[in-house]
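What follows is a single structure, written as structure tokens, with notes after it.
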Amino acid sequence: MMKLYIMRHGETTTNIKHLICGKSESDLTINGILQARNVGERLKDIRFDAVFVSPLSRARITASNVVSQTIIVDKRLIERDYGDFEFKRKTDVNYDDFWNYNLNYNECNGENIKDLFKRMDLFIKDLLVKYSDKTILLVTHSGIARALHYYITGIPGDGDLTKLEIPNCCFRVYEIRGN
């Protein structure tokens with residue numbers, strides 16, 4: 001059984017402005033770095049067999065403040081492409097529909113939610129082939145952490161994926177069996 005720690009990056013400059021930030025870069029704040037160091041202290045006794053991170057600097061820097069081991073950059077962990085929603089406030093766009101699996105809303109020229117789930121499916125299947133009985137840390141983004149959570153636990157009947165809040169430097173632990 002694979003033990004999977006899924007963690008969101010630390011606080012960024014766009015987070016404190018309450019702006020949507022997908023595939024664009026956004027710098028960690030000093031608080032974001034401190035959040036990562038605090039999580040590193042909490043996880044210091046866990047031996048991770050591998051650490052995977054998004055290619056975006058906010059995730060890479062967070063990971064380097066959590067663990068001292070080599071990190072593996074995997075482009076499949078990059079945040080969802082928010083298209084025209086990038087750098088807008090959630091309250092100024094149709095964010096709930098964009099995150100509703102049943103509606104598959106994609107009016108904003110971003111990444112289709114079903115394509116996002118396909119990306120997560122391929123990633124998890126690859127992990128299970130190589131690390132089926134290992135402990136893995138993923139440092140990524142709120143959208144990816146949300147998609148992975150619902151991929152693992154199941155999509156709610158109403159399709160609403162916004163019910164799960166993922167604060168900065170929050171992590172969740174999952175156990176996944178291979179096929």
Side-chain angles (χ1 to χ4, degrees), residues 2 4-15 17-27 51-60 62-63 71-131 136-174 176-179:
M2 180 173 63
L4 189 60
Y5 287 72
I6 301 174
M7 179 182 171
R8 181 184 180 193
H9 59 76
E11 179 187 75
T12 66
T13 55
T14 53
N15 293 149
K17 295 176 184 174
H18 305 288
L19 299 176
I20 296 169
C21 184
K23 295 174 96 172
S24 300
E25 289 287 359
S26 181
D27 293 331
V51 178
F52 291 88
V53 300
S54 159
L56 296 175
S57 64
R58 60 190 182 264
R60 291 191 336 268
T62 297
I71 59 175
I72 302 163
V73 175
D74 193 302
K75 65 183 179 181
R76 294 173 294 184
L77 293 175
I78 197 166
E79 180 60 294
R80 185 177 182 189
D81 183 349
Y82 287 97
D84 301 336
F85 289 178
E86 193 81 357
F87 299 120
K88 294 188 176 160
R89 294 180 182 272
K90 291 178 185 177
T91 55
D92 294 337
V93 298
N94 198 344
Y95 190 79
D96 289 352
D97 283 357
F98 185 69
W99 275 103
N100 189 301
Y101 191 86
N102 297 341
L103 296 177
N104 204 22
Y105 182 73
N106 198 27
E107 185 177 289
C108 72
N109 301 311
E111 184 176 11
N112 178 295
I113 197 162
K114 291 185 178 170
D115 290 340
L116 173 62
F117 271 75
K118 287 177 191 169
R119 178 164 47 116
M120 296 304 96
D121 178 61
L122 293 172
F123 180 74
I124 293 295
K125 285 179 177 172
D126 282 352
L127 284 183
L128 285 169
V129 167
K130 298 173 187 167
Y131 303 97
I136 308 297
L137 172 64
L138 309 180
V139 181
T140 187
H141 310 276
S142 62
I144 299 304
R146 176 181 290 125
L148 284 167
H149 170 81
Y150 287 114
Y151 173 84
I152 294 165
T153 65
I155 298 166
D158 65 1
D160 182 0
L161 307 183
T162 63
K163 294 175 187 168
L164 178 67
E165 286 295 323
I166 303 174
N168 293 109
C169 274
C170 167
F171 67 87
R172 293 177 184 270
V173 184
Y174 304 87
I176 305 173
R177 293 188 193 283
N179 294 337

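The shortest distance between side-chain heavy atoms of Arg172 and Thr153 does not fall below 4.5 Å. At a threshold of 4.5 Å between non-hydrogen side-chain atoms, the residues Thr140 and His9 do not count as touching. Inter-residue side-chain proximity for Asp126 and Asp74 is flagged as unmet; no heavy-atom pair is nearer than 4.5 Å. Tyr82 places none of its side-chain heavy atoms less than 4.5 Å from the side chain of Val93. For the pair Leu127 and Leu138, the minimum side-chain heavy-atom distance is below 4.5 Å.
For Lys88 (side chain) and Asp84 (main-chain N/O), a donor-acceptor pair under 3.5 Å exists by modelled atom type. No side-chain donor-acceptor contact under 3.5 Å links Thr12 to the backbone of Ser26. In terms of modelled atom types and a separation under 3.5 Å, the side chain of Thr162 and the main chain of Asp96 share no donor-acceptor contact. The backbone N or O of Pro55 lies less than 3.5 Å from a partner atom in the side chain of Arg60, making a donor-acceptor pair. A donor-acceptor contact shorter than 3.5 Å links the side chain of Asn100 to the backbone of Asp158. Remark: side-chain polar atoms of Arg146 are paired, donor with acceptor, to backbone N or O of Leu161 under 3.5 angstrom. Put simply, the side chain of Asn102 gets close to the backbone of Gly157: a donor and an acceptor are under 3.5 Å apart.
Across Ile144 and Glu79, no two heavy atoms sit closer than the pair N-OE1, 3.4 Å. Taking all atoms of both residues into account, the shortest heavy-atom contact from Gly22 to Leu56 is O-CD1, 3.5 Å. Closest non-hydrogen pair, His141 versus Ile78, comes out as CD2-C, 3.9 Å. The two residues Ser142 and Arg8 make their nearest non-hydrogen contact at CB-NE, 3.6 Å. When all heavy atoms of Trp99 and Gly143 are compared, the pair lying nearest together is CH2-O, 3.4 Å. Scanning all heavy atoms of the two residues, the minimum distance from Cys21 to Arg58 falls at O-NH2, 3.3 Å.
For the atom pair Phe98 CZ and Ile113 CD1, the distance stands at 7.5 Å (nearest 0.5 Å). A distance of 8.0 Å separates CD1 in Ile136 from CD1 in Ile72, rounded to the nearest 0.5 Å. Rounded to the nearest 0.5 Å, atoms CG (Asn168) and CE (Met7) are 9.5 Å apart. The distance from the CG atom of Leu128 to the CE atom of Met2 is 4.0 Å, given to the nearest 0.5 Å. Atom CE of Met120 sits about 9.0 Å away from atom CG of Leu122, to the nearest 0.5 Å. Interatomic distance, Leu164 CG to Cys170 SG, rounded to the nearest 0.5 Å: 8.0 Å.
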Could you give me the CA-CA distance, side-chain angles and deciding distance for Leu148 and Leu4, then say whether side-chain contact (heavy atoms from CB on, under 4.5 Å) is met? CA-CA 10 Å; Leu148 284 167; Leu4 189 60; 5.7 Å; no
Could you go through the side-chain contact (heavy atoms from CB on, under 4.5 Å) check for Ile166 and His149 one step at a time? CA-CA 10 Å; Ile166 303 174; His149 170 81; 5.7 Å; no
Stepwise side-chain contact (heavy atoms from CB on, under 4.5 Å) check, Ile152 with Ile6: CA-CA 11 Å; Ile152 294 165; Ile6 301 174; 4.1 Å; yes
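Counting heavy-atom neighbours within 6.0 Å of Lys114 NZ, excluding the residue itself, gives a total above 12.
Between Arg119 and Glu111, at least one side-chain nitrogen of the basic residue sits less than 4.0 Å from a carboxylate oxygen of the acidic one, meeting the salt-bridge criterion.
Ring geometry for Phe52 versus Tyr131: interplanar angle over 60°, hence perpendicular rather than tilted (30 to 60°).
For Tyr101 and Tyr150, the distance between ring centers is not under 6.0 angstrom. Checked against the 6.0 Å centroid threshold, Tyr151 and Phe123 do not count as a close aromatic pair.
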